[in-house]
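Worksheet: the structure to be examined is printed underneath.
Positions are given from 1 along the sequence.
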Amino acid sequence: MPEGDALHRAARRLQVLVGQKLEVETPHPRAAVKQLAPRLDGRRLESVEAIGKNLLLHFEGGLVLRSHLRMKGRWLVLRSDAKIFGTPWLLLRGEDHVGAMFNGAVLELDRGVARRLGPDILADPPDFDGMLTRLRAEHPQRAVGDALLDQRLVAGIGNLWKAESLWAARVSPWRQLAAVSDEELLDTLKHAHRLMCSRLDGVQGHAQAYRRKGRPCPRCRTPIRSWPQGDDARMAYWCPECQRGEEPTTA
């Protein structure tokens, strides 16, 4: 699933269209029925921002288009004369470039969803205190790994960066929030911010825990474990030696 850093990269690429009046098309039938093109065509794109896993495109007249890529969506920015393959959900044609969104999943005029999100992990500067306050307001028995994926608490962290930030902070994803200190929570959030900013800036790296089930932990060589977590059964990855604490009894 595209996470917060992928949306921030898309927002950066789409800046080439800001300030222009755009031709707006919705070639995909599932997008066409939303009647977005008639509302947005010919309007000036005033700004593009990423908040968590949401991309918000602000058009003149106060209209805000919200894009959420879910599992398979993606944004491309191409030269205006480039051949476009497939059937995009949305095309934004400017003077020299075209923005194309594929596998849209969520594409709609925003009705305040962004206002219900937690602080963005990639904000500059990030509101760590606000994130901590929201996490502490959750049920104390909720597993920290599950809470980190709740976009109402912290916006932008997905399964990859959840696994990597908890590994870096030596915190088990299965520990209850009540058993995780403020210092550990802040350390986890700061690792998530650092790791995601590095990826956003093009720094390549290798996963230490994510999708490494059965492979040795880079720190202690203990095999990495994995097990579904939360109502959505997203896979958690952790080192049982470096990240000691409560664990699922059936894992």
Side-chain angles (χ1 to χ4, degrees), residues 1-7 52-53 68-73 118-122 126 128 131-132 134-200 203-251:
M1 176 184 289
E3 300 192 18
D5 55 316
L7 273 298
K53 298 180 182 181
H68 192 299
L69 300 179
R70 293 284 173 86
M71 293 296 292
K72 298 180 179 179
D120 190 343
I121 191 66
L122 284 172
F128 292 127
M131 299 175 202
L132 184 60
R134 291 184 181 227
L135 286 164
R136 285 303 183 210
E138 280 296 288
H139 195 289
Q141 293 182 346
R142 188 175 187 181
V144 62
D146 185 40
L148 287 175
L149 294 182
D150 191 332
Q151 300 300 297
R152 299 175 303 111
L153 309 179
V154 182
I157 296 179
N159 217 36
L160 164 60
W161 300 118
K162 158 196 157 179
E164 293 300 287
S165 60
L166 286 169
W167 181 87
R170 299 175 179 258
V171 175
S172 168
W174 302 100
R175 285 171 60 187
Q176 296 179 0
L177 284 170
V180 182
S181 69
D182 287 356
E183 291 75 16
E184 288 173 315
L185 279 176
L186 287 171
D187 193 32
T188 301
L189 294 168
K190 289 177 180 178
H191 278 299
H193 175 76
R194 174 182 59 81
L195 291 167
M196 293 176 71
C197 282
S198 293
R199 184 62 60 87
L200 179 60
V203 178
Q204 297 299 312
H206 300 284
Q208 308 301 307
Y210 182 67
R211 290 185 174 175
R212 288 179 56 89
K213 178 182 179 181
R215 299 174 67 180
C217 168
R219 270 194 305 251
C220 71
R221 313 308 292 173
T222 301
I224 296 292
R225 299 178 68 182
S226 68
W227 195 255
Q229 183 175 47
D231 292 340
D232 294 331
R234 302 294 302 281
M235 196 64 69
Y237 299 87
W238 76 102
C239 171
E241 178 63 28
C242 292
Q243 298 167 264
R244 292 186 179 184
E246 297 181 39
E247 296 190 6
T249 57
T250 53

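R219 contributes a side-chain N or O that, together with a main-chain N or O of W167, makes up a donor-acceptor pair within less than 3.5 Å. Between the side chain of S172 and the backbone N or O of E246 there is at least one donor-acceptor pair closer than 3.5 Å. Not one N or O on the side chain of Q229 forms a donor-acceptor pair closer than 3.5 Å with the backbone of M235. E164 contributes a side-chain N or O that, together with a main-chain N or O of Q208, makes up a donor-acceptor pair within less than 3.5 Å. Listed for the Q176 side chain is no donor-acceptor partner under 3.5 Å among the backbone atoms of V144. In this structure a side-chain-to-backbone donor-acceptor pair under 3.5 Å is missing from R194 to S198.
Side-chain contact between R212 and Y237 is absent, with no heavy-atom pair separated by less than 4.5 Å. You'll find the side chain of C217 stays beyond 4.5 Å of the side chain of E241, heavy atoms only. Using a 4.5 Å cut-off on side-chain heavy atoms (C-beta onward), L135 and L189 make contact.
To the nearest 0.5 Å, atom CD1 of residue I157 and atom CG of residue L195 are 10.0 Å apart. Taken from CE in M196 to CG in L160, the straight-line distance is 8.5 Å, to the nearest 0.5 Å. Between the CG atom of L166 and the CD atom of E184 there is a distance of 10.5 Å, given to the nearest 0.5 Å.
The list of salt bridge (charged side-chain N to carboxylate O under 4.0 Å, His left out) pairs with a residue in residues 138-159, not counting sequence neighbours, reads E138-R142, E138-R152, R142-D146, R142-D150, D150-R152.
Counting heavy atoms of neighbouring residues, nucleotides and ligands inside a 6.0 Å radius, atom CZ of R136 exceeds 12 of them.
With sequence neighbours excluded, the residues forming a ring-ring contact (aromatic ring centres under 6.0 Å, His included) with W174 are W238, listed by chain and number.
In plain terms, the two heavy atoms of K162 and A236 that are nearest each other are NZ-CB, 3.9 Å. Here the closest heavy-atom approach between residue C239 and residue I224 is recorded as CB-CD1, 3.9 Å. Shown here for C220 and C242, the closest heavy-atom pair between the two residues is SG-SG, 3.5 Å.
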